[in-house]
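Here is the structure we will look at, set down as structure tokens.
Just so it is clear, the values below take in all heavy atoms, side chains as well, and ignore hydrogens, waters and symmetry mates.
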Amino acid sequence: MKTLRLLTLLALAGGLAVGAYWSSHGRWSAHAEATPAAAQADRTPLYYRDPSGAPLWSASPKQDDRGRDYLPVYEDGQAPATAPKPPQATSSRKILYYRNPMGLPDTSPVPKKDPMGMNYVPVYEGDEADDGTVKLSPGKIQRTGVKSEPVERRTIRVTVKAPGTIQLDERRVSVIAMRAESFVQKVADVTTGTRVKAGQPLMEIYSSAVASAAAEYLATITSKTVGGVEMYGRGSRQRLVNLDVPEQVIAEMEKTRRAPVTIHWSAPRDGIVLERNAIEGMRANPGDVLFRIADTSVVWALVDIAERDLGHIAVGQSVAVRARSFAGRIFSGKIAIVYPQVNRDTRTVRVRIELANPDAALLPDMYVDAEIDTADAAPVLAIQDSAVLDTGTRQAVLVDKGKGRFEPREVKLGRRGGGYIEVRDGLADGEAVVTSATFLIDAESNLKAALKGFAEGAPQASDAGHAAGERK
């Protein structure tokens with residue numbers, strides 16, 4: 001009986017799989033004795049938890065992104081009786097160093113644990129790529145949301161926006177002024193702002209100079225001697241023209257053979273009366289402006305373009321103009337001229353846009369907003385603007401090489417617009433570039449470079465062991 005108890009204690013203490021007992025017949029008999037580990041293995045785990053202690057669970061056995069097995073948790077809440085062993089090298093590759101499992105810039109030449117009890121992760125020779133690429137695990141790519149997009153040819157649409165004002169077309173403004181001393185006999189019912197038609201009467205003028213020239217012309221064309229010779233009346237008729245007598249008045253004199261006492265002055269063009277200075281009975285000296293009429297069927301929009309956008313502007317480009325007084329309405333026009341001068345105070349260049357204004361909705365000095373579409377018809381290589389890592393002096397992108405490898409590459413960029421940037425050098429058509437989480441990959445590459453620097457400066461494991469022996 002004492003022998004049986006001794007064997008049982010040895011089996012429990014050493015985890016033996018075979019127990020022994022003494023039979024009633026005095027013979028030894030072997031049988032399978034369950035050890036604690038075996039008994040635990042016979043139980044069914046409730047779930048499996050993350051080996052690093054993170055709040056991650058699984059209903060079936062699995063491994064984390066570092067290749068470690070999830071730990072089973074049983075009904076009594078106990079983990080496996082044996083603690084997980086530190087990861088060992090399972091291949092013949094040489095371990096360069098051990099890095100912090102949380103990604104901190106801390107390395108060790110020998111296996112160790114961090115303050116949370118997590119094992120440092122071995123970095124094998126060959127894991128650090130020497131071709132300048134950054135390598136990420138599939139799990140990290142999925143967690144960070146890395147997305148790639150191929151480089152394609154697109155039409156870059158760059159819209160230049162600028163404020164401006166409406167101004168009259170200088171070529172469509174007429175002024176009525178006397179060329180000789182005159183008196184205003186009568187003024188038509190026309191006021192400032194009245195819309196007039198070409199040929200519409202404006203006023204009646206008496207001028208002694210005009211009357212004298214008219215009488216001389218009639219005497220010439222009615223003379224029995226020289227009346228039939230055109231060349232003799234040419235000089236006197238030209239005198240009337242020089243006094244700005246309307247052509248229809250001269251034609252009426254030639255028809256009726258009578259010289260009018262007063263001259264009916266009419267509107268020279270369709271338009272709006274901008275200024276009326278004529279008053280009945282007033283005396284008008286040579287050069288005095290009596291009426292000013294402007295045709296507003298075509299107006300100018302003078303906008304100020306920022307100096308940085310001047311390279312995208314050219315004569316003939318289409319422009320969409322929106323007036324703040326008419327929400328939702330767009331007036332279409334084209335750039336007629338780019339003024340050859342930069343405003344030194346605002347660093348802007350004035351651009352003139354011609355706009356059709358048939359209903360006279362656009363008024364002089366009205367504020368407008370212009371949108372100039374500078375799109376080039378020829379498509380160019382373009383990438384999303386989120387794919388560019390801009391340091392201020394250099395621009396780079398991350399080229400997706402596949403299998404979790406990303407290559408930083410410097411590029412030369414061009415125009416920007418519509419969320420895309422033109423690539424002038426550095427990429428080929430069809431290459432995939434990272435468009436999302438670029439800064440996270442950039443941070444990962446910087447971290448790996450720092451870890452590699454730490455590893456190169458850290459002592460080797462053999463050196464560390466030798467130093468420890470000397471200290472002993």
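Looking only at distances, a side-chain donor or acceptor of Asn357 sits under 3.5 Å from a matching main-chain atom of Ala361. Proximity of a side-chain donor or acceptor of Thr194 to a complementary backbone N or O of Thr191 within less than 3.5 Å is detected. Here the side chain of Asp64 pairs a donor or acceptor atom with the backbone of Arg68 at under 3.5 angstrom. Of the possible polar contacts, one joining the Thr222 side chain to the Leu218 backbone as a donor-acceptor pair under 3.5 Å is found. Proximity of a side-chain donor or acceptor of Asp270 to a complementary backbone N or O of Ala198 within less than 3.5 Å is detected. Of the possible polar contacts, one joining the Ser386 side chain to the Thr435 backbone as a donor-acceptor pair under 3.5 Å is found. Side chain of Asp400 to main chain of Ser148: no donor-acceptor pair is present (N/O by atom type, distance under 3.5 Å, no hydrogens or angles). Judged by distance alone, with hydrogens and angles left aside, the side-chain atoms of Glu216 form no donor-acceptor pair with the main-chain N or O of Ala213 at under 3.5 Å. Using modelled atom types, no side-chain atom of Ser212 and backbone atom of Ser208 make a donor-acceptor pair closer than 3.5 Å. A donor-acceptor distance shorter than 3.5 angstrom exists from the side chain of Arg276 to the backbone of Val190, with no hydrogens or angles considered.
When each of Val397, Ile383, Asp429 is checked for a side chain to side chain contact (heavy atoms under 4.5 Å, CB included) with Val423, only Ile383 meets the rule.
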Might you work through the side-chain contact (heavy atoms from CB on, under 4.5 Å) test for Tyr98 and Thr107, ending with a clear yes or no? CA-CA 5 Å; Tyr98 295 82; Thr107 61; over 6 Å; no

Give the C-alpha distance, both sets of side-chain angles, the deciding distance and a yes or no for side-chain contact (heavy atoms from CB on, under 4.5 Å) between Val273 and Phe291. CA-CA 7 Å; Val273 177; Phe291 282 93; 4.2 Å; yes

Derivation of the side-chain hydrogen bond (donor to acceptor under 3.5 Å, both in side chains) call for Asp365 and Gln167: CA-CA 6 Å; Asp365 297 325; Gln167 299 296 330; 3.0 Å; yes

Decide yes or no on side-chain contact (heavy atoms from CB on, under 4.5 Å) for Val241 and Ile250, but give the supporting numbers first. CA-CA 9 Å; Val241 174; Ile250 299 176; 4.0 Å; yes

I would like to know whether Phe331 and Val319 meet side-chain contact (heavy atoms from CB on, under 4.5 Å); could you show each step before the answer? CA-CA 8 Å; Phe331 299 87; Val319 184; over 6 Å; no

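Considering only heavy atoms from C-beta on, Val321 comes within 4.5 Å of Leu355 through its side chain. Taking 4.5 Å as the limit, some side-chain heavy atom of Gln384 sits within range of a side-chain heavy atom of Glu149. Between Leu302 and Tyr339 there is a side-chain heavy-atom pair separated by less than 4.5 Å. Side-chain contact between Met118 and Lys113 is absent, with no heavy-atom pair separated by less than 4.5 Å. In this structure the side chain of Ile335 reaches within 4.5 angstrom of the side chain of Ile372, judged on heavy atoms. At a threshold of 4.5 Å between non-hydrogen side-chain atoms, the residues Phe183 and Met282 do not count as touching. A 4.5 Å side-chain heavy-atom check between Val151 and Val433 finds at least one atom pair inside the cut-off. Two residues are said to be in side-chain contact when any heavy atoms from C-beta on lie closer than 4.5 Å; Ile221 and Arg257 meet this criterion.
Here the closest heavy-atom approach between residue Ala267 and residue Ile293 is recorded as CB-CD1, 4.0 Å. When all heavy atoms of Ser207 and Ser182 are compared, the closest pair comes out as CB-OG, 3.5 Å. The two residues Glu204 and His264 have their closest heavy-atom pair at OE2-CE1, 2.7 Å. Contact detail for Ile305 and Ala162: the closest heavy-atom pair is CD1-CB, 3.5 Å. Heavy-atom minimum distance, Ser236 versus Tyr217: OG-CD1, 3.1 Å. Closest of all the heavy-atom pairs between Met253 and Ala214 is CE-CB, 3.3 Å.
For residues 311-324, the set of pairs meeting the salt bridge (Lys or Arg N to Asp or Glu O under 4.0 Å) definition, not counting sequence neighbours, comprises Arg322-Glu371, Arg324-Asp369. Screening residues 278-288 for salt bridge (Lys or Arg N to Asp or Glu O under 4.0 Å), with sequence neighbours left out, gives Glu181-Arg283.
The structure places CG of Asp169 at 5.0 Å from CH2 of Trp300, a figure rounded to the nearest 0.5 Å. Rounded to the nearest 0.5 Å, atoms OG1 (Thr262) and CD (Gln185) are 6.5 Å apart. Ser266 contributes atom OG, which lies 7.5 Å from atom CD1 of Ile176 (distance to the nearest 0.5 angstrom). The CG atom of Leu381 lies 10.0 Å from the CD atom of Glu152; values are rounded to the nearest 0.5 Å. A distance of 8.0 Å separates CD1 in Ile421 from CG in Asp390, rounded to the nearest 0.5 Å. To the nearest 0.5 Å, the span separating NE2 on His312 from OG1 on Thr159 amounts to 11.0 Å.
For Arg329, the salt bridge (charged side-chain N to carboxylate O under 4.0 Å, His left out) criterion is met by Asp359, not counting sequence neighbours. Shown here are the side-chain contact (heavy atoms from CB on, under 4.5 Å) partners of Ser174, two or more places apart in sequence or in another chain: Pro268, Arg269. Partners of Ala306 according to the side-chain contact (heavy atoms from CB on, under 4.5 Å) rule, which considers only residues two or more places apart in sequence or in another chain, are Arg308, Asp309. Scanning for salt bridge (charged side-chain N to carboxylate O under 4.0 Å, His left out) contacts around Arg409 gives Glu407, Glu431, with sequence neighbours left out.
Ion pair Arg172/Glu170 not flagged as a salt bridge, since none of the NZ, NE, NH1 or NH2 atoms sits closer than 4.0 Å to an Asp/Glu carboxylate oxygen. Salt bridge Glu307/Arg350: absent, no basic N to carboxylate O contact under 4.0 Å. With respect to the salt-bridge test (charged N to carboxylate O, under 4.0 angstrom), the residues Glu354 and Lys334 do not qualify. Between Glu254 and Arg237 a salt bridge is recorded (basic side-chain N to carboxylate O distance below 4.0 Å).
At most 12 non-hydrogen atoms from other residues, nucleotides or ligands lie less than 6.0 angstrom from NZ of Lys161. Counting non-hydrogen atoms of neighbouring residues, nucleotides and ligands closer than 6.0 angstrom, the CZ atom of Phe326 exceeds 12 such neighbours.
Inspection of the Thr348 and Asp304 side chains reveals no N or O donor paired with an N or O acceptor under 3.5 Å. Under the 3.5 Å distance criterion, with hydrogens and angles disregarded, a donor-acceptor pair is assigned to the side chains of Asn277 and Glu275.
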